[in-house]
Amino acid sequence: MPAHDVLIIGAGLAGQRAALAAAQDGASVAIMSKVHPVRSHSVAAAGGINAAISVDDDWRSHAYDTVKGSDFLGDQDAIEIMCSEAPGEVMNLEHMGVTFHRNDRGEMDLRAFGGASMKRTAYVADITGQALLHVLYEQLMKHHETVERFEEWFTTSLLTDEAGNCAGVIARDIRTGALEVFTAKNVILACGGAGQAYRPTTNGLIVTGDGISMAYRVGAPLMDMEMVQYHPTCLVETGMLITEGARGEGAHLLNANGERFMEKSAPNKMELASRDVVSRAEQIEINEGRGVGPDGRGIYLDITVVPRKRTLEALREIVNLGRDFAGVDITREPIMIRPGQHYIMGGVKTDVDGRTPIDGLYAAGEVACVSVHGGNRLGANSLLDTLIFGRRAGEHAAARAAAMGPPKIDAGAQLKRDADELEAIIARPREGGRRVSEIKNELGDTMNKHAAVFRDEEGLNSALETIHRLREESGKAWIDDRGTVFNQDVLGAVELGFMIDCAETTVVAAIERKESRGAQYRTDFPERNDEEWLKHIDLTLKDGEPEVSYSEVTFTQWQPEVRKY
Ligand SMILES: Cc1cc2nc3c(=O)[nH]c(=O)nc-3n(C[C@H](O)[C@H](O)[C@H](O)COP(=O)(O)OP(=O)(O)OC[C@H]3O[C@@H](n4cnc5c(N)ncnc54)[C@H](O)[C@@H]3O)c2cc1C
């Protein structure tokens, strides 16, 4: 039975940064991932990472932009930490070997991004996530004596002791099917978001809300779950992302009349307003019949206004993406896009050191909600969030481990429960049940229909009813693979359960919040209502149902004001 000071579930940017920090502070560390670490979804991040590095910039300006972007729901103490620590973190990454793009003067180049009052996004062409992830992985290799890697291991649940503290996990070796107990003084969840609960999404197939659900199932509260980001520029058919870096480089959005319609809703920032504002503006154009394409489902993103040489240098991946997935040369003609599910602002509620209310359980990255993004995340603030709060969680967990003895736990019953559940899924008969993939697709379509850019009570209630039915059906869903070696089918069934938890809590919170703020736009409550709703919605699992409570938003320097771009 492996035992460690700090066990990290997830090897994306948050997990790897946490592992590095904990190892540097002398802890024995294990890092577990259901895919090879450098295939974690952070690898897809394209546009860049925010930091007030420029001599003309100040972290307070970054913090204010983030607060405003969050529609004043972000906790300002956490935002101050993230933005003030950002320049040091980015410089540290550069010293580790990240080849950030440089300008003609040899300085780190910065590009414009949505909702930012000046250029502050450092980038490596449009492969920033990949560059960061590979450098961090190299750094982890230096600590191979104290960091044990469990690659292609799938965590099925969190272990808790009699007092309800977290004491490890149960995990399955994907290669062999063996199920094992891992004990740890501290567990850091760094499992990423839950985009696959939607269809389509910009998120990869592995982004299934596992960490959010596992924490919720052991009693950790979730926060801001109603806040789901739709990115303004996703390919119409596949939902694949065209990075905001394209608009940062100057691309325009055009409706069927060739108009730059952002003039109406964001006359100052235009295409570089925050994502919730741009996505809503696009959806209005589409809904009111000014969309482009065969059935008016799209909007044109015109990148031809960016000098071709610059596009080929700074946006080379989306040049390939446009050609391969839409048959469009973006340097010569506009490409059709629309808003698509991209990111969840909510997640496992934590403090600024990544601690959850459950002793021994931490969370960092997209799985967590600190909350630095509040109602809407600014582009290029997520990579920053993963690194700052990943590091802080790693440091805190290492210090806590140094001051305590190993957990005392008899995990036999929990191991048997998970083993029995997996066996039962594998043994399910085909008769009377649906395929896992059919249920997953219906879940995704339902969320995309009713819990998207625009929402109302009727649609959300109908979504909740469907989710309850799908939960029932998931209990009988059958799979093809009856084997043990690389049985992704059985893990897909487990992931379906995780996604249903995420979808349910998203919809319950969206029904609860009777106002419009950030990414939550209720057509039946179209105004922001600070008097009643300037608070977080927290959800805790009680008797199988999400129980709603509220928590205060933390204010430091900035009072709510009308949000205009
Ligand atoms: C296409 C795209 C482009 C983006 N571009 C940007 C950008 O330019 N700038 C920006 O700031 N943000 C960007 N984002 C957002 C950002 O990339 C993510 O929010 C961030 O990388 C999430 O990192 P993470 O470490 O929290 O999780 P991830 O990188 O998703 O890692 C999750 C880890 O958890 C593991 N895991 C999950 N469940 C289990 C389980 N049950 N058992 C074991 N392991 C498990 C996975 O294997 C993986 O290692 C982009 C997102 C997308 C989708």
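Every heavy atom of this structure was used, including side-chain atoms; hydrogens, water molecules and symmetry mates were not. If you're wondering where the values come from, they're calculated on a predicted model, not measured in any experiment.
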Who pairs with His536 by ring-ring contact (aromatic ring centres under 6.0 Å, His included), at least two apart in sequence or on another chain?
-> none
Side-chain donor-acceptor pair under 3.5 Å between [X] and [Y], yes or no?
X	Y	answer
Asn50	Thr121	yes
Thr386	Glu366	no
Ser117	Ser61	yes
Lys34	Thr208	yes
Tyr550	Asp538	no
Gln520	Arg513	no
Asp224	Ser371	yes

Just by modelled atom types, is the [Y] backbone N or O under 3.5 Å from a matching donor or acceptor in the [X] side chain?
X	Y	answer
Thr243	Ala246	no
Arg297	Ile337	no
Ser516	Phe525	yes
Asn186	Ala397	yes
Ser33	Gly10	no
Asn203	His342	yes
Asp126	Glu317	yes

[Y] side chain reached by [X] side chain, heavy atoms, under 4.5 Å:
X	Y	answer
Lys564	Asn268	no
Phe113	Lys119	no
Tyr123	Ile49	no
Ser274	Leu378	yes
Leu301	Leu254	no
Ile299	Phe261	yes
Arg247	His252	no
Arg199	Gln341	no

Evaluate the salt bridge (charged side-chain N to carboxylate O under 4.0 Å, His left out) criterion for residues Arg522 and Glu457: first the C-alpha distance (whole Å), next the side-chain angles of each, then the deciding distance (0.1 Å), finally the verdict.
-> CA-CA 8 Å; Arg522 288 279 301 256; Glu457 184 116 13; 3.0 Å; yes
Looking at [X] and [Y], what are the two nearest heavy atoms and their distance?
X	Y	result
Asp530	Pro560	OD2-CB, 3.6 Å
Arg217	Asp501	NE-OD2, 2.8 Å
Cys369	Met345	SG-O, 3.8 Å
Phe72	Leu534	O-CD1, 3.5 Å
Met108	Ala122	SD-CB, 3.8 Å
Gly250	Val305	O-CG2, 3.4 Å

Quick one: list whatever passes side-chain contact (heavy atoms from CB on, under 4.5 Å) with Cys83, sequence neighbours left out.
-> Trp59, His62, Ala63, Thr66, Ile79
Those residues at least two apart in sequence (or on a different chain) that pass side-chain contact (heavy atoms from CB on, under 4.5 Å) with Pro339 are Tyr230, Ser279, Glu282, Gln283, Ile286, Val453
Answer yes or no for Lys68 and Tyr565: cation-pi contact, defined as NZ/CZ to six-membered ring centre under 6.0 Å and angle to ring axis within 45°.
-> yes
Tell me if the [atom1] atom of [X] is crowded by more than 12 foreign heavy atoms within 6.0 Å.
X	atom1	result
Glu552	CD	no
Glu465	CD	no
Glu458	CD	no

Apply salt bridge (charged side-chain N to carboxylate O under 4.0 Å, His left out) to Asp65 and Arg120, showing your working.
-> CA-CA 11 Å; Asp65 290 346; Arg120 67 165 68 95; 2.7 Å; yes
Run the numbers on Lys514 and Glu532 for salt bridge (charged side-chain N to carboxylate O under 4.0 Å, His left out), then give the verdict.
-> CA-CA 9 Å; Lys514 293 181 177 47; Glu532 287 177 75; over 6 Å; no
For the pair Glu85 and Arg392, evaluate salt bridge (charged side-chain N to carboxylate O under 4.0 Å, His left out) and give the outcome as yes or no after the intermediate values.
-> CA-CA 11 Å; Glu85 293 184 4; Arg392 292 177 69 93; 2.8 Å; yes
Ring center gap for His231 and Tyr343 short of 6.0 angstrom | no
His373 pairs by side chain to side chain donor-acceptor pair (under 3.5 Å) with which of Asn381, Asp75, Asp385?
-> Asp385
Taking NZ, NE, NH1 and NH2 as the nitrogens, is one of them in Glu244 or Arg111 under 4.0 Å from a carboxylate oxygen of the other?
-> no
